[in-house]
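Okay, structure first, notes after.
Remember, it's 1-based here, ligands and their atoms both numbered in the order they're listed. Numbering of residues begins at 1 and proceeds along the displayed sequence.
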Amino acid sequence: MSLVALRYDDDDDVLAGLRAPRKQLPCRLLYAGAGAELFERICRLDAYYPTRTELALLEQHLPQIAHHVGPAARVIEPGSGEGKKTRMLLRALDAPSSYVPIDIARDQLHRMAAQLRAALPEVEIQPVVADYSEPLELPAPQRAFRRTLVFFPGSTIGNFEPGDARRFLARLAALAGGDRMLLLGADATRDAAALERAYDDEHGVTAAFNKNALAQLNRSRGATFELDGFAHRAVWNASASRVEMQLVSKRRQVVRVAGELFKLADGEPIVTEHCYKHTPAAMHALLATSGWRPRQVFTAQATPFRLWLCEPLAANRV
Ligand code: AVI
């Protein structure tokens with residue numbers, strides 16, 4: 001999920017990113033501390049269309065998806081979040097055997113697992129505290145299952161750089177095994193005005209979310225960022241098919257991070273996140289190079305947001 005191939009050991013990608021000619025920060029900083037709650041607020045904004053579009057798609061198509069997946073599936077979800085979509089999926093599936101949510105946020109994960117156990121006592125819940133963008137092992141299942149469904153909604157695949165996205169989806173294919181399926185939510189919106197509304201909302205929630213990356217560095221790395229010295233900007237880069245979340249320096253300034261000084265020019269951006277918008281052609285190519293192929297694609301009416309239900313690339317269809 002790092003923006004470019006910077007070293008990702010401990011926090012050194014922070015310093016490497018600030019030393020780069022085009023300054024950047026790892027997008028995980030956005031979600032730290034207050035960031036998780038700010039992101040939940042973004043998801044509730046009218047202007048942020050992906051969440052409600054995907055919820056409507058799930059509402060409409062889950063019966064058909066459940067039919068394809070069949071009974072007694074094990075469900076794996078990297079980055080499980082607050083769990084609304086998960087509950088919809090598990091309720092729609094035919095007697096799912098187990099659910100494995102994978103998330104770095106331990107407290108939120110265990111809270112969500114406890115709620116799910118209460119709501120769906122017949123499903124085995126096996127939470128895994130881990131950074132899902134790194135290699136990981138799954139817990140041994142206690143109950144038999146027929147196939148594994150990987151659930152990766154929310155268009156989070158758009159926050160991976162193209163090479164990272166390919167490696168990640170290939171790793172999920174290996175993790176899920178031979179009899180696997182993938183349900184992936186991905187956005188293909190390329191309307192600059194809609195993207196600007198969604199990523200630079202009038203209520204300033206996305207701006208606060210973006211600046212949380214700096215606040216997090218002030219807390220965790222002894223940084224001296226003055227949040228008022230930066231402006232949130234969301235730039236649609238059509239040729240790269242991505243929204244670039246930036247924090248633009250409002251003046252010439254010097255900041256200290258982990259004891260190192262960094263100079264910023266007036267107007268200089270720090271890139272904090274890329275949000276790629278995958279056209280159908282781009283998604284077909286990404287899937288084909290990572291061990292998957294679409295079985296059925298569900299497209300929203302108002303916006304080109306899609307649910308991609310995928311199976312192994314080499315699957316023999318009858
Ligand atoms: C988590 N992810 C799918 C969001 C997106 O739309 O790329 C993150 C986000 N960044 C700003 N607003 C939302």
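- In this structure, atom 4 (C) of ligand 1 lies nearest to the protein heavy atom Y48 OH, 3.3 Å.
- More than 12 heavy atoms of other residues, nucleotides or ligands shown are found within 6.0 angstrom of CD on E260.
- Salt-bridge formation is detected for the pair E244/R242: a Lys NZ or Arg NE/NH1/NH2 atom is positioned less than 4.0 Å from an Asp or Glu carboxylate oxygen.
- Judged purely by atom type and a 3.5 angstrom limit, S97 uses its side chain to pair as donor or acceptor with the backbone of A144.
- Between E311 and R180 no salt bridge is recorded (no basic side-chain N to carboxylate O distance below 4.0 Å).
- Residue G154 places a heavy atom less than 4.0 Å from ligand 1.
- Of all protein heavy atoms, the one closest to atom 2 (N) of ligand 1 is N159 OD1, 2.8 Å.
- Per-residue contacts place C275 under 4.0 angstrom from the following atoms of ligand 1 (heavy atoms of the residue considered): 7 (O).
- Using 4.0 Å as the threshold, Y31 has a heavy atom nearer than that to some atom of ligand 1.
- Between R74 and L175, the closest heavy-atom pair is NH2-O, 4.3 Å.
- Looking at K250, its side chain does come within 3.5 Å of a backbone N or O of D228 through a donor-acceptor pair.
- Regarding atom 10 (N) of ligand 1, its nearest protein heavy-atom neighbour is E273 OE1, 2.7 Å.
- Ionic pairing of K277 and D187 is present here: one or more N-O contacts between side-chain nitrogen and carboxylate oxygen are shorter than 4.0 angstrom.
- A heavy-atom separation below 4.0 Å is found between S155 and ligand 1.
- Contact atoms of ligand 1 toward Y199: 5 (C), 6 (O), 7 (O), 10 (N), 11 (C), 12 (N), 13 (C) (distance under 4.0 Å to a heavy atom of the residue).
- Counting the atoms of ligand 1 from 1 in the order shown, those under 4.0 Å from a heavy atom of F209 are 10 (N), 11 (C).
- Applying the 4.0 Å criterion to heavy atoms of M245 picks out, from ligand 1, the atoms 11 (C).
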